[in-house]
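Both ligands and their constituent atoms are indexed starting at 1 by order of listing. Basis for what follows: all heavy atoms, side chains included, without hydrogens, waters or symmetry-related copies.
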Amino acid sequence: MKVLLASGKSAGKRYIDAVDWRLQEKIPEPVRDEKVEEIHPKILKDESIELVFSALPGSIAGDIELELASAGFFVFSNASAHRMDPDVPLLVADINPDHLALVAHQRKSRPGYIVTNPNCTVTGFITGLKPLDVEFGINDVVMTSYQALSGAGYPGVPSLDIVGNIIPYIPGEEEKVESECKKILGRISESSIEPSSVNVIASCARVPVRDGHLESVLVRPKSDASLEEILKAFYLYKSKKSEKLPSAPEKPIIVTEEKDRPQPLFDIYSGSPKRAKGMSITVGRIKKIGDQIRFFLLVHNTIRGAAGCTIMNAELAKLEGFL
Ligand SMILES: NC(=O)c1ccc[n+]([C@@H]2O[C@H](COP(=O)([O-])OP(=O)(O)OC[C@H]3O[C@@H](n4cnc5c(N)ncnc54)[C@H](OP(=O)(O)O)[C@@H]3O)[C@@H](O)[C@H]2O)c1
């Protein structure tokens with residue numbers, strides 16, 4: 001049994017009529033003609049539903065997701081409302097899978113649980129940082145992002161504001177990058193995450209690109225590393241657990257050694273096999289300058305950075321026996 005839920009505005013409509021799919025390739029057939037219902041307390045009594053995927057606006061997700069978890073549902077959320085709650089995992093299945101264990105602590109106070117995934121910029125950023133953190137440790141990282149329009153949802157930024165322009169401000173984004181990154185790289189205890197001591201500085205800009213966030217990253221590692229060791233860390237990064245997940249790409253990171261890549265135009269659908277297109281990030285222009293590691297990374301913000309990440313988190317929960 002599955003149900004599609006939205007606000008009263010969409011209630012009673014077919015999915016195809018309730019959602020704007022004109023910018024996507026193809027509406028998924030299995031849900032195309034399904035009726036959309038309004039989120040209503042009656043769903044809380046439906047025992048055939050166990051798992052809820054939430055893509056609610058952050059401003060309303062807080063209460064609704066808590067109500068669902070308190071009623072026994074397992075909530076996997078793309079919204080920001082609970083990301084920084086001490087006992088809620090901020091999870092990227094192939095980066096910090098051990099943090100999922102926090103749901104056991106949540107279940108001491110409620111029958112269900114909430115698992116969140118990070119902001120789209122952070123999902124790519126953290127995937128690029130993880131191999132360096134594992135191999136060399138990180139003291140400081142400075143990140144500058146060039147973020148696509150689809151990250152602001154649809155219809156998003158007005159065309160007159162962005163055509164032929166770059167906007168060096170995305171409300172709340174730099175703060176999210178800094179705090180979410182420290183939580184994901186943090187150490188799990190029984191009831192919370194002790195944030196990483198890494199010093200993160202982020203500058204985020206909106207650019208006139210449709211999909212794909214490009215990020216320029218400068219890392220000061222704890223221990224020195226040669227360029228060969230850095231390349232090896234990126235090339236070989238794998239997560240043993242996530243390899244078994246149905247939506248996982250064969251490699252979370254694709255390395256390009258071409259001098260002018262990655263680019264949104266060519267590289268956003270990185271990832272193999274075919275079902276995992278857009279699920280890998282691409283890292284390129286890797287350099288070692290003095291004690292700094294510099295590189296660019298590209299993440300598909302609405303695939304790897306949003307729904308793809310949420311789905312992989314639910315697959316991990318199933319693998320680990322939490323579903
Ligand atoms: N776009 C991205 O790249 C991205 C990346 C990462 C995370 N996120 C996060 O993901 C979430 C969804 O983003 P989006 O761009 O998909 O937003 P969206 O297009 O505005 O969709 C929001 C959904 O929430 C429903 N909703 C709104 N108010 C509701 C209410 N009071 N009761 C029940 N349902 C309600 C809407 O239904 P109706 O259409 O019926 O109103 C719609 O289905 C946000 O929290 C966003 O910050 C987005």
Could you find the nearest protein heavy atom to [atom] and give me its residue, atom name and distance?
atom                    : answer
atom 15 (O) of ligand 1 : Gly153 CA, 3.6 Å
atom 29 (C) of ligand 1 : Ile60 CD1, 3.1 Å
atom 20 (O) of ligand 1 : Pro57 CG, 4.9 Å
atom 43 (O) of ligand 1 : Ala6 CB, 4.1 Å
atom 3 (O) of ligand 1  : Gly151 CA, 3.5 Å

message: Quick check: is Phe125 connected to Ile281 through a chain of hydrophobic side chains (ILVMFWY, heavy atoms under 4.5 Å apart)?
response: yes

message: Could you see if Ile201 belongs to whatever hydrophobic cluster contains Val122? Use Ile, Leu, Val, Met, Phe, Trp, Tyr and a side-chain cutoff under 4.5 Å.
response: no

Atoms of ligand 1 close to [X] [distance to a heavy atom under 4.0 angstrom, numbered from 1]:
X      : answer
Asn301 : 3 (O)
Gly58  : 45 (O)
Ala79  : 45 (O)

query: At a 4.0 Å cut-off, with the gap strictly under it, does some heavy atom of Thr302 reach an atom of ligand 1?
result: yes

query: Step by step, would you call Ser272 with Glu250 a side-chain hydrogen bond (donor to acceptor under 3.5 Å, both in side chains)?
result: CA-CA 6 Å; Ser272 59; Glu250 278 159 8; 3.1 Å; yes

Give a yes or no on whether [atom] lies under 4.0 Å from any heavy atom of the protein.
atom                    : answer
atom 31 (N) of ligand 1 : yes
atom 46 (C) of ligand 1 : no
atom 17 (O) of ligand 1 : no
atom 38 (P) of ligand 1 : yes

- prompt: Under 3.5 Å, is there a donor-acceptor pair linking the side chains of Asn117 and Asn78?
  reply: yes

Going by heavy-atom distance to [atom], choose the closest among [options].
atom                    : options                      : answer
atom 1 (N) of ligand 1  : Ser150, Ala18, Ala306        : Ser150
atom 22 (C) of ligand 1 : Ala55, Ala81, Cys120, Pro155 : Ala55
atom 44 (C) of ligand 1 : Leu149, Asn78, Leu56         : Leu56

- prompt: Is the closest basic N to carboxylate O distance between Glu315 and Lys244 below 4.0 Å?
  reply: no

message: With a 4.0 Å cut-off on N to O distance, would you call Glu67 and Arg110 a salt bridge?
response: no

Aromatic ring proximity Tyr113/Phe73, centre distance under 6.0 Å: no

- prompt: Any chance the rings of Tyr146 and His213 have centres within less than 6.0 Å?
  reply: no

message: Within the supplied structure, the quantity of interest is the number of heavy atoms (other residues, nucleotides, ligands) at a distance under 6.0 Å from Lys13 NZ; does it exceed 12?
response: yes

- prompt: Could an N or O of ligand 1 be found under 3.5 Å from any N or O of Ser10, whether backbone or side chain?
  reply: yes

query: Based purely on interatomic distance, does Ser7 place a nitrogen or oxygen under 3.5 Å from a nitrogen or oxygen of ligand 1?
result: yes

query: Do Arg261 and Thr282 have side-chain heavy atoms sitting under 4.5 Å apart?
result: no

message: So, applying side chain to side chain contact (heavy atoms under 4.5 Å, CB included) with Phe136, which one of Arg220, Glu229, Lys222 is it?
response: Glu229

